[in-house]
Amino acid sequence: MCVQPLASGLMYLNDKKASDFVLQHMDLSEEAPDAIGCAIMLLHGVQFRYSAKVYKSGMGALQIFDDISCYPTVVRLKSSDGSAGHCITTVGLWVFDSNKAEAELLSHEFLDWCCSTDTEKDIFVAAHYAVRFINMKPRKEWNLCDACRNGKGKQKCIYKFR
Ligand SMILES: [Zn+2]
């Protein structure tokens, strides 16, 4: 489930229209082999105009604790059991997970929890793949720090992981 946490993240950003749109198209995109790719297409269109910054595995991987942004970032988590199926969305220091009703603050403990199941405890290893949805023309009412609002995704967000 990648799309639902993304919709929650967009809601937190206060882009309700984009959040609703993503949710309405969720069935469709969850069936697609590449749900994140689908979300990129949904949000890239003329209606929303988000651009997607893609982080792949290895050298260019998202450093989740260092590279914070007020823009929603969908992250596929690599777990200590070798799997990379679980998705979360981060917005600032908040983490949205489809198994939690409320957002949780970013922490090693919480990412470990996201990587675990009821029966097996696993550890968060790295961001396997991530996509940050940046908007070049953010609306006034959106929840963005000045660096994220004016920096077009290139300035360092004011929020820092301690
Ligand atoms: Zn920011």
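If you read the sequence from its start, that first residue is 1, and numbering goes on from there. Whatever order the structure lists them in is the order used to number ligands and atoms, beginning at 1.
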Please list, chain by chain and in numerical order, all residues satisfying side-chain contact (heavy atoms from CB on, under 4.5 Å) with Lys56, sequence neighbours excluded. Val54
For the cysteine pair Cys2/Cys87, does the gap between the two SG atoms stay under 2.5 Å? yes
Quick check on the hydrophobic clustering: are Leu93 and Met11 connected, directly or via other members, by side-chain heavy-atom contacts under 4.5 Å? no
Ring-plane angle category for Phe110 and Trp113, please: parallel below 30°, perpendicular beyond 60°, tilted otherwise. parallel
Sort by chain and number the protein N/O/S atoms found under 2.8 Å from the Zn ion (ligand 1). Cys70 SG, Cys145 SG, Cys148 SG, Cys157 SG
Who pairs with Trp94 by side chain to side chain donor-acceptor pair (under 3.5 Å), at least two apart in sequence or on another chain? Tyr12
Which pairs count as side-chain hydrogen bond (donor to acceptor under 3.5 Å, both in side chains) when at least one residue sits in residues 148-162, sequence neighbours excluded? none
